[in-house]
Each structure stands twice: as C-alpha cells, then as structure tokens.
Amino acid sequence: MRHSSMDTDVFRQTAHSPSYFELSRKLGEGARELVDFCIPCNPYFPSQEMFQFLGRNLESVLKFYPSDAGAIAGQLSSVLGLNPATVAMSNGSTELITWIDHLWVHDSIAVPIPTFGRWTDQFLETGKRVDMFLLPESDGFELDLDAYVKFIRSRGSRVAVLCNPNNPDGGYLPRREVVRFLDELSDLDLVIVDESFIDFVEVERNPSVASEAAIRSNVVVLKSLGKNFGLHGIRFGYMVANPGLARKMASSLPKWNLNSLAEAVVFMFKEHLDEYAESLVKLSMDRYRMGIELGRIPELDVFSSQANFILVKLSGEVTGAEMRDYLLLKHQVFVRECSNKLGLSGQFLRLVVRPEADVERLVTGMKAFSQQRWDVERPTLVS
C-alpha cells in the first residue's frame, strides 16, 4: 500500500473535519486509495443505475435552472407521504439550523452535549445563551429525558434541541419517549428534533416524530437527505412542522436554494424506493459486524449505536489525533477524531459504518498502530 507524507495541520484549521476534496489535494496520488470512515454517508445508495442516469443527463442538469424549492418539496412530500404544507426544503440541514436561529431563537437554547457541533456553535456565534446538558460517559452517553427536562426548567431555556439518533454516539430514544418529551415542553417557544440519522434505526419500525411535528404548535423536525442518500455533495435536507412554521421557514429561504442535481435526485427517488430500503438493511448488518470487529480490539471501548457510525474510545495515553494521523498516512483510512466536540476528549473517534472489506482495512490499521506503540514502549530485556 502506498504511503504518503502530508502536513496534518489541515485538521487544526477548522472546527470540523477537512473535506474529502481538501484531503485529496493534500494526499495527491494517495487519495485514490482513500477510504472514508469520517463523513457519515450511506455507502449503498444511490445505485449504479442512478449514477449512470445522472451521468447521461449531467449536461442538462448543470445548464438549466432548477424548479423552485416549493415544487421540489412537493415532489418529495408526495413520495414520503407528507402534507406539502408541512415541509420546507433547504440546502442542507445546516441552512435550516441557521434560519431557526434567526427566526425563533431569541434568548436561550438547551442542547445535550456531545452532539452535532452546529447545535452549539451557531447560537454561540450570534450571542445567544446555550445551556449545555452534559451526557455522562459512564452511562454510555444515554440521554435521561427527565433529567434533561428538569435542566431546561432550571435554566429557563426557551428553545430545546433533541438529536435522535445523536451524533457522534448514535444513541437512540424510542419514539414514545420523544413524544413524551414534546408533551412536557409544549409551552416552550420551540422544540427541535434533529432526525438526520433516523432512517438508519432498526430497533423500531416507525421511529420518526414528523407526524407529531405537523400538528403541534412549537415542534420542528429536521431531516438530512444527503446522509441518508449517500450524497453529501448535493447538500439537501428538509424540515417538517405545522403549516404556519413551515411556511415561515420556506418564505425566509431563497427561492432557488436547491440546485438542479438535488431536484434530479428527488424526482428519481420514487422509482428507487426498494433499492433505498435494501441499502438500509445492508448498512444495519454492516453496523452489527463492525461493532463486533471493533469490540475485539482490546484498546477500544465501543459504544452502542443506531446511526450509521460508531463511537469508540481509545485506552491509555493514546490520542485520537495520533491514531487518525497514522491511519491516514500509513493506511489511507480517514477517521473522525473528536477532540473538538464539546463533551468529548481527544481519546474518542467516530467511525462511519462501511462494508466488510473496508472495516478489515480499518481494523488492520488500528492493530498495526497498537503494535507499533507496544514495540516502542516495551522495555528491552538484557540477558
């Protein structure tokens, strides 16, 4: 396998991981062998047939204006069985987070940590008070809803966030518990349920609370199509809320905030629902196998997940940055080191669920790293 030399300062120049394209430019020829365990994407969707269709139609997709967001949202709603009046589509879920801040968060917001960084960073950047509820590592980062509600009341937070499953640990709350949470906080200005990874849940048949959001006065649910569809580069997501909230969001967003490639994928989706469902089944099997393989590495603590990633903690004095740099430079494996996530330390890695052959490469690299450290640190015996 080709080794590469690269300045790993690229990881210290942003609050998030560098993009695949930025890493590719740094790695040069080595980028051809790069396996991405960092960006949480579905590896089984779209199908090759879908990519071939997009390739054949790429010229027209790129040359002409897309339809407005309302038309694209209408098509997506039809496929998903949603009322189009309750849906607002966006250029990725981060666009929705930005506008939620501007439209509805006037004073304070409660957020469990660790979680997706924009749920803290966005509001800190605009001078809001962010009430951070720490999820204890000793409980596997499980969210105690009653304790969280008590915290929200004690702090006087006016907006509350719940990510289900949570990022980066993949922790999941049953639907009935999330509904109870919505009931408890019906007097808040807004309750946000981020369901960006909900399609990957296998322990419950219908885990989403989107239907609840459509009929409640203060609830919005966020969804991410890029993560589910394996198409992060397109940047598309959507929000479900009652018609008044959905209309306010849609009218605030730019009319052409979605591009033609996003439109093409949304209009293709209806014909490929079976392939999408199959991709989720494959991924859940991979998650199970990957958890077992990671659990066999003595230096790792592995946390249970219902998302398309698994959080692990390195033992001893090993840091995630050391492991990340070694895996990238020696094995062309790209992982997410979590020292810049509030509520975690530099010993944590978030590893995206990938097919068996890729996991074998990851595990081989991790074992080689551990062996290398052991060879360096063990004392030399003098006879």
Answer yes or no: does atom [atom1] of [X] have more than 12 heavy-atom neighbours from other residues, nucleotides or ligands under 6.0 Å?
X    : atom1 : value
E142 : CD    : no
E356 : CD    : no
F53  : CZ    : no

Under a 4.0 Å threshold between the charged nitrogen and the carboxylate oxygen, would [Y] count as salt-bridged to [X]?
X    : Y    : answer
R289 : D286 : yes
E125 : R118 : yes
R153 : D187 : yes
D301 : K313 : no
D183 : R216 : yes

Intermediate values then yes/no, side chain to side chain contact (heavy atoms under 4.5 Å, CB included), I198 and Y172:
CA-CA 9 Å; I198 200 84; Y172 172 71; 4.1 Å; yes
Output for pair (Y238 OH, T86 OG1), nearest 0.5 Å, gives 9.5 Å
With clusters defined by side-chain heavy atoms of hydrophobic residues (ILVMFWY) lying less than 4.5 Å apart, directly or transitively, does [Y] cluster with [X]?
X    : Y    : answer
L134 : F123 : yes
V179 : L162 : yes
L124 : I109 : yes
I234 : V79  : yes

Indicate whether any N or O donor in one side chain lies under 3.5 Å from an N or O acceptor in the other, for E49 and S47.
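Short answer, no.
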Decide whether R235 and N259 meet the rule of one side-chain donor and one side-chain acceptor closer than 3.5 Å.
no
Under 3.5 Å: donor-acceptor pair, side chain of [X], backbone of [Y]:
X    : Y    : value
Y148 : A110 : yes
N42  : N228 : yes
E299 : L314 : no
E95  : N91  : yes
E293 : V359 : no
S108 : R158 : yes

Is there side-chain contact between N166 and L135, with at least one heavy-atom pair below 4.5 Å?
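With C-beta onward as the side chain, the pair touches.
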Fit a plane to each ring of [X] and [Y], take the angle between them on a 0 to 90° scale, and name the class: parallel (under 30°), tilted (30 to 60°) or perpendicular (over 60°).
X    : Y    : answer
F348 : F141 : perpendicular
F45  : Y276 : perpendicular
F197 : F309 : perpendicular

